[in-house]
Structures are given as structure tokens and as C-alpha cells.
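What's counted below: heavy atoms across the whole structure, side chains too, no hydrogens, waters or symmetry copies. Position 1 is the first residue of the sequence, and the numbers go up from there.
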Amino acid sequence: MIIALVLIIWTVGSFFGLFNAYLIPSPWKVARTAWGLIMNGMLIRHMATSFSRVVFGFAITVCIAFPMGLLVGLNKSSRDFWEAPLNFIRHIPPLATVPILILWFGIGESAKLVIVILSAFFP
């Protein structure tokens, strides 16, 4: 129901020019572009790249966070050492770190991977 309502508002707003066509293109233009990307294989390729980035980042997170969780959970002295820094970092939204990560790592794969790792680390 909500999806249909959004689609109707989007279609009517695009038809009557209520939305900036550059910022919110019509649903038909989006559908044509999506179909073109599917047909030439670019959409699948980019989705595969994103999926591999998520899987690799999650694997790194598991390799770091699981042993650290065991260490902090089972050892009182390590808990006393790691509790404050981990609680400090936990409350920073991963997307808020994007500007500093771009400065540190550039706009390549490493910055994207670090964002995935930070996003998956605490949950």
C-alpha cells in the first residue's frame, strides 16, 4: 500500500513537473535506465562488487570482533583496558566517520572496507 502510494505520488509529481527532474527523475526514466543496466550487465557487475565488499568486510570484522569479544568477556584486566575505548568508538555512527576515512584512505576500496568493518563490528 505504501509502495503504491509513493509510486503514484512520484509519477504524478514527475508528470506535472513538481519535482526537479535532475534530482528526482520520473519512474519511467529510472525503469528504462535500470533495464538498460541489467541488459548490458553493468548492474550485476556492480552488485557483485558491492556484495563482495560486504562479505570481505564482514569476514574481517568476525576475525577481529569475535576474538576481541572473547578476550574482553573472559579476562577482567583486558575488559578494564578495552572497555572505555570500545564504548567511545561504539557511539560514533559509521557514516559520521566517512570524511575522516576519505582523508586517511582516499576514495578507494580501503575506505569503503573500513566503513563496512565499522558498521558490522559492534552489532
Side-chain angles (χ1 to χ4, degrees):
M1 181 67 181
I2 297 287
I3 295 173
L5 182 63
V6 169
L7 191 59
I8 289 169
I9 291 171
W10 184 16
T11 304
V12 171
S14 294
F15 181 77
F16 288 112
L18 300 175
F19 306 132
N20 182 345
Y22 181 74
L23 297 176
I24 304 175
S26 73
W28 310 116
K29 185 173 183 178
V30 171
R32 278 192 310 272
T33 304
W35 183 253
L37 290 173
I38 290 169
M39 295 313 296
N40 70 15
M42 286 187 66
L43 183 63
I44 299 298
R45 187 178 46 168
H46 290 299
M47 287 175 61
T49 302
S50 295
F51 184 70
S52 66
R53 194 178 293 140
V54 167
V55 168
F56 188 60
F58 187 73
I60 292 172
T61 301
V62 168
C63 291
I64 296 170
F66 187 73
M68 182 170 262
L70 287 175
L71 178 71
V72 170
L74 297 175
N75 188 337
K76 176 141 175 48
S77 62
S78 68
R79 182 181 316 125
D80 294 339
F81 179 78
W82 285 106
E83 188 172 24
L86 287 175
N87 277 329
F88 178 78
I89 295 170
R90 182 172 61 99
H91 292 290
I92 300 172
L95 288 178
T97 63
V98 170
I100 195 76
L101 292 175
I102 289 173
L103 288 174
W104 287 346
F105 299 106
I107 57 171
E109 286 297 312
S110 55
K112 297 170 189 171
L113 194 59
V114 170
I115 292 171
V116 171
I117 292 168
L118 286 174
S119 298
F121 187 86
F122 291 103

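Note: the hydrophobic cluster containing F88 also contains V72 (ILVMFWY, side chain heavy atoms under 4.5 Å, direct or indirect links). M1 and L5 are not part of a single hydrophobic cluster, where members link through side-chain heavy atoms under 4.5 Å apart. Grouping the Ile, Leu, Val, Met, Phe, Trp and Tyr side chains by contacts below 4.5 angstrom, directly or via other members, places V12 with F15. Following chains of ILVMFWY side-chain contacts shorter than 4.5 Å, one can reach I117 starting from F122, so the two form part of one hydrophobic cluster. Hydrophobic clustering keeps F81 apart from L70 (ILVMFWY residues linked when any side-chain heavy atoms are closer than 4.5 Å, directly or through intermediates).
By the side chain to side chain donor-acceptor pair (under 3.5 Å) test, S77 pairs with N75, sequence neighbours left out. In this view, R32 satisfies the salt bridge (Lys or Arg N to Asp or Glu O under 4.0 Å) rule with no residue, not counting sequence neighbours. For N40, there are no side chain to side chain donor-acceptor pair (under 3.5 Å) partners two or more places apart in sequence or in a different chain.
Not a single donor-acceptor pair under 3.5 Å links the side chain of S119 to the backbone N or O of P94. The closest donor-acceptor contact from the side chain of S52 to the backbone of T49 lies under 3.5 Å.
The two residues L7 and P27 make their nearest non-hydrogen contact at CD1-CB, 4.1 Å.
With contacts defined as side-chain heavy-atom distances shorter than 4.5 Å, the pair T97/I92 qualifies. Side-chain contact between I64 and I60: present, with at least one pair of heavy atoms (C-beta onward) separated by less than 4.5 Å. Taking the side chain as every heavy atom from C-beta outward, V30 and W10 approach each other to under 4.5 Å. When side chains are defined from C-beta on, F121 counts as touching L86, because their heavy atoms get closer than 4.5 Å. Side-chain contact between S26 and T11 is absent, with no heavy-atom pair separated by less than 4.5 Å.
Heavy-atom contacts from other residues, nucleotides or ligands closer than 6.0 Å to CG of L23 number more than 12. More than 12 heavy atoms of other residues, nucleotides or ligands sit less than 6.0 Å from atom CZ of F19. Within 6.0 Å of CE on M68 lie more than 12 heavy atoms contributed by other residues, nucleotides or ligands. Other residues, nucleotides and ligands contribute at most 12 non-hydrogen atoms within 6.0 Å of the CD1 atom of I3.
Legend: salt bridge (charged side-chain N to carboxylate O under 4.0 Å, His left out) pairs involving residues 74-84, not counting sequence neighbours, sorted by first then second residue: K76-D80. Residue pairs satisfying the salt bridge (charged side-chain N to carboxylate O under 4.0 Å, His left out) criterion with at least one member in residues 50-59, sequence neighbours excluded, are listed as follows: R53-E109.
Atoms CH2 and CG, on W35 and L43 in that order, are 11.5 Å from each other to the nearest 0.5 Å. For the atom pair F56 CZ and T61 OG1, the distance stands at 10.5 Å (nearest 0.5 Å).
Cluster partners of V114, by chain and number: L95, V98, I100, L101, I102, L103, W104, F105, I107, I115, L118. The rule joins Ile, Leu, Val, Met, Phe, Trp and Tyr whenever side-chain heavy atoms lie under 4.5 Å apart.
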